[in-house]
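First the structure, then my questions, so here it is.
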Protein chains: 2
Amino acid sequence: MTPPPAPSDAVAIELNAVLVALTANQPLVLTLEDGTLLPSGPFATEHPTLQSGLRAWVERQTNHPLGYVEQLYTFADRNRPGSDGRQRVVSISYLGLTRERLSAGARDPEWRSWYRYFPWEDWRTGPSPLIAQTILPKLATWAEAGGDAASRHERRQRVEVSFGDGAESWNEDLVLQRYELLYEAGLVPEAKQPAADPVPGMPMRHDHRRILATGIARLRAKIKYRPVFFELMPPEFTLLQLQRTVEALAGRPMHKQNFRRLIDAQGLVEPTGASSAEARGRPAKLFRFRREVVLERAVLGSKLPLSRPI
Amino acid sequence: MTPPPAPSDAVAIELNAVLVALTANQPLVLTLEDGTLLPSGPFATEHPTLQSGLRAWVERQTNHPLGYVEQLYTFADRNRPGSDGRQRVVSISYLGLTRERLSAGARDPEWRSWYRYFPWEDWRTGPSPLIAQTILPKLATWAEAGGDAASRHERRQRVEVSFGDGAESWNEDLVLQRYELLYEAGLVPEAKQPAADPVPGMPMRHDHRRILATGIARLRAKIKYRPVFFELMPPEFTLLQLQRTVEALAGRPMHKQNFRRLIDAQGLVEPTGASSAEARGRPAKLFRFRREVVLERAVLGSKLPLSRPI
DNA sequence: GCTGTAATGCTCATTCTTAGTATAAATCAT
DNA sequence: ATGATTTATACTAAGAATGAGCATTACAGC
C-alpha cells in the first residue's frame, strides 16, 4: 500500500507562467512566439524552490519585482494535449503579477491583452455581444446534437450555467469552465475535432490557452477576498485608476461610489497628500496601498462587490 | 528565453493524499505507519491522469467512491524536509473526501481525527485552552527573542494575526499559517531546531503534517463557497447531523436556526419524507442532498456564515 | 463668470446576518 | 400518566452590509 516512490523512467518537468501586468486599463499577459505560447523557463535545476526560480527568472527579464506569485496547477497527464504520450511531462504552472512591462514593443516576449484570447470575457461595457450573437447559437446546435434526451438536457444546462442567457446572470469567475465547454463542443481550434468555424478568440499552442484560462479564473476569484490587484498598480494612483484596474481583471463595470466606500472602509489605501491633474475634471487625490493591512488583518478580504451575479 | 524543457536527470514523482472522512462528528484523515505518514500511492504510471489514478487507488482500498478530489499543491523543492537534497522529488498532493471508512480498527491504514495533529484547531466547544495557556506564552517568548525592535514587532504581529488573542477573533482558515508559524518558532518537533518542549499535537514524518495542514485549510475555505461537505454525509441525514459535520470541519460551533435557514434558502437539500428516531427528543426529518443544485447554480455558494471572525 | 467633467459626499431602500424567543414532538424517570 | 428533558422547527427584531442614485465640490477652458 505504500511503496516508496520510484524514480520514474522518463520525466520532464516543465514550468509555465501566466504573468499578468496592466497598461491602459488592459489586462496583459506575457507571451512568446507571436502570442502563441506562454513563457516556460529553465527553472528546473537552478534554484532550491520552483517559486524562487520563477521569481528570479521573471525579475531578470523584466527588471521589476514580481509582486505576487501563486501556483496554479500541475498537469501530469499522459494524454495531455501537446504531449506525445510516451514521455511523462509534469507541467507546473504559476500565476504572477507584476507592475512594469519589459521592453515595450519587443517582438518576442510580448504583452498581449488577455481579451484577445477570450473576447467573450470582457463585459466592461455591458454583455459581450459575441455571446448572444455567436456563441450561444453554436452551443445550442451542439447541445441539440447531444444524443438522447437526458444528454441534451445536461448539455443545455451546462451551457446555461456557464454562459447564462447572454444578457443577465453573468458569473465572471467561470473562465475555465467556459473555455472547457467550448473545447468540448469543438468550438475552439485547439479541440480534438474542431468545428469548421470556431468561435472568435486567438488560440495558443499545446494547452496554453487552457492554462491562461486557469490563471484568469484564479485571479478573478482571488481579488474578491484578497487585494492582490495592488501588485499591478503604480506606487501612487487615483481611486478611479484602481477601480479601472479591478474592472479590467474582473471584466465587468463597478459602481463608482460604492467601490470607493469599500476600499475606504477596509483601510486599504491612504492619501499621499498630492493630487493628480491628469484628466479634465476635478483633480483626484492620489493614494498609496497600505501594505500594513495585510499584516493587520490576516486573511483580509478586499471584499469587492463582485460576488453577486450581474 | 524558452528552451525546451529537458528531461531532468533524476526526478521522482511522489503523490500524497489527504483523505478525509467523518465519523461520530470527528474529521478523520487516513494515515499509515502508526499515524506518522499520509498515504502515498504508486500512481505514477498506471493511469492516464494522476487524479484518475488516485481515485482508482482509493476506491480499491476503501470499497467506496471518492466523492471529491482536488489538487492541493506541488512541491519540488530541493531543501524539502525529508529529501536528501540530491534527487529532486516532485511531490503532488491531493485532497479527497469520502464517505465510508475502510476496515475499521485496522492497524495500518488507520483513520485518525485530524485534531490529534492540530489540537489547537478545535474550537467547537469554545476557544481552545491550549492557545492561551501554552501556545501564546511560548510564541511570546519567541517573539521577544527576535533581534531588533522591528523584527520583534513583526513577530508579535504575525502571532496576533495567526492566533488572535486566544479568546476572540479566531479565523479558522489559517491552519497552514499557524502551523508554519509554530514550525518557524521551533515549537513543533519537525522543526529544524526544535525547542525542548514543543507544543502538544502529534507530529508526522517528512513534511506530511504540513501537507495535512494545507488540506484542512483548503477544505475549511472551500466549504464556505461550495457545499462539498455533502460528500462526507450518508445518503440521508438530519439537519443537525449536517450541522455537526460542518462544525467538525470548520472547528467552530454554529447557530442552529440560522444554519437551517441557510441550507434551506439555497435549496441544498430535500426531505425524504422519513424521520430519524435516533436521538431522544423530537424526531428529526431526514433529508438528502439535491445534487441538481450543482448544475443549476454554477459556482454555487454554500454560503455558510463562517466568514465572520468569531 | 459659465460650462463641462470628474471627484467626492450623502441618502435611502433592500437584503443579509445575528441573535435570539417561542412552540412542537418526542423520550425518560418516576 | 405526568412532568422533566431533549431535540426540532417556526418566527422575529435589531443591526450591518449592499445596491442604486442624487447632490455637491473642484478644477480647466472659454
Side-chain angles (χ1 to χ4, degrees), chain A residues 25 123 126 168-172 223-225 236-247 250 252-287 297 300-310, chain B residues 25 126 168-170 224-225 236-247 250 252-287 297 300-310:
Chain A
N25 297 333
W123 280 50
E168 307 279 318
S169 72
W170 176 251
N171 184 331
E172 75 276 3
I223 56 176
K224 271 156 207 127
Y225 61 97
E236 305 194 350
F237 47 84
T238 70
L239 290 180
L240 187 59
Q241 283 167 353
L242 185 63
Q243 182 182 342
R244 294 290 179 240
T245 296
V246 174
E247 289 173 334
R252 57 190 280 181
M254 305 190 65
H255 184 278
K256 192 195 270 193
Q257 296 92 320
N258 291 346
F259 178 83
R260 291 152 162 274
R261 179 176 55 187
L262 274 169
I263 297 295
D264 184 276
Q266 295 174 86
L268 292 178
V269 299
E270 63 192 0
T272 67
S275 291
S276 157
E278 295 276 311
R280 266 179 304 193
R282 169 172 171 177
K285 284 192 217 150
L286 287 171
F287 294 85
R297 280 205 272 138
L300 178 74
S302 62
K303 283 225 179 148
L304 293 174
L306 289 169
S307 340
R308 186 191 57 95
I310 290 185
Chain B
N25 297 333
E168 308 276 321
S169 73
W170 176 251
K224 272 154 206 129
Y225 61 95
E236 303 194 352
F237 47 84
T238 70
L239 290 180
L240 187 59
Q241 283 167 353
L242 185 64
Q243 181 181 343
R244 294 287 179 244
T245 296
V246 174
E247 288 173 336
R252 57 191 280 183
M254 305 188 66
H255 185 275
K256 192 196 271 195
Q257 296 91 322
N258 292 345
F259 177 82
R260 290 153 163 274
R261 181 179 50 191
L262 274 169
I263 296 296
D264 185 277
Q266 295 174 87
L268 292 178
V269 298
E270 62 191 0
T272 67
S275 290
S276 157
E278 294 275 310
R280 267 182 302 192
R282 169 174 169 175
K285 283 191 217 148
L286 287 172
F287 294 84
R297 279 205 272 137
L300 178 75
S302 63
K303 284 225 177 145
L304 293 173
L306 288 168
S307 343
R308 189 192 55 93
I310 290 184

*Whole-Å distance between D:dT7 P and B:Q241 CD?*
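Taking CD of B:Q241 and P of D:dT7, I get 13 Å after rounding.
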*asked:* Could you tell me how far apart B:F259 (CZ) and D:dA10 (P) are, to the nearest whole angstrom?
replied: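 In whole Å, D:dA10 P lies 15 Å from B:F259 CZ.
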*To the nearest 0.5 Å, tell me how far B:L286 CG sits from B:E236 CD.*
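The CD atom of B:E236 is 5.5 Å from CG of B:L286, to the nearest 0.5 Å.
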_Restricting to non-hydrogen atoms, name the atom on A:W123 and the atom on A:P253 that form the minimum distance, rounded to 0.1 Å._
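Heavy-atom minimum between the residues: O-CD, 3.3 Å.
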*Do B:F287 and B:L268 have side-chain heavy atoms sitting under 4.5 Å apart?*
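Of all side-chain heavy-atom pairs linking B:L268 with B:F287, none is under 4.5 Å.
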*asked:* Could you measure the distance from the CG atom of A:L239 to the CZ atom of A:F259? Nearest 0.5 Å is fine.
replied: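 These two atoms lie 7.0 Å from each other.
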*Atom pair distance, as rounded to whole Å: CE in A:M254 and P in C:dA7*: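 Rounding to the nearest Å, CE of A:M254 and P of C:dA7 are 16 Å apart.
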Write down the protein N/O and nucleotide N/O pairs, taken from nucleotides 8-10 of chain C, whose separation is under 3.5 Å; answer none if there are no such pairs.
{"from": "C:dT8", "atom 1": "OP1", "to": "A:K285", "atom 2": "N", "distance (Å)": "3.0"}
{"from": "C:dT8", "atom 1": "OP2", "to": "A:R260", "atom 2": "NH1", "distance (Å)": "3.0"}
{"from": "C:dT8", "atom 1": "OP2", "to": "A:R260", "atom 2": "NH2", "distance (Å)": "2.9"}
{"from": "C:dG9", "atom 1": "O6", "to": "A:Q257", "atom 2": "NE2", "distance (Å)": "3.2"}

*Mind calculating the distance between CG (B:D264) and C1' (C:dC16) to the nearest angstrom?*
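Atom-to-atom, B:D264 to C:dC16, this comes out as 15 Å.
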*Any idea which heavy atoms bring B:R260 and B:L240 closest together, and the distance?*
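Distance-wise, the nearest heavy atoms are NH2-N, 4.5 Å.
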*To the nearest Å, give me how far apart NE2 (B:H255) and P (C:dT21) are.*
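About 9 Å, once rounded to whole Å.
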*Over all heavy atoms of both residues, which pair between A:M254 and A:E247 is shortest? Give the atoms and the distance, please.*
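Closest pair (atom of A:M254, atom of A:E247, distance): N-OE2, 2.7 Å.
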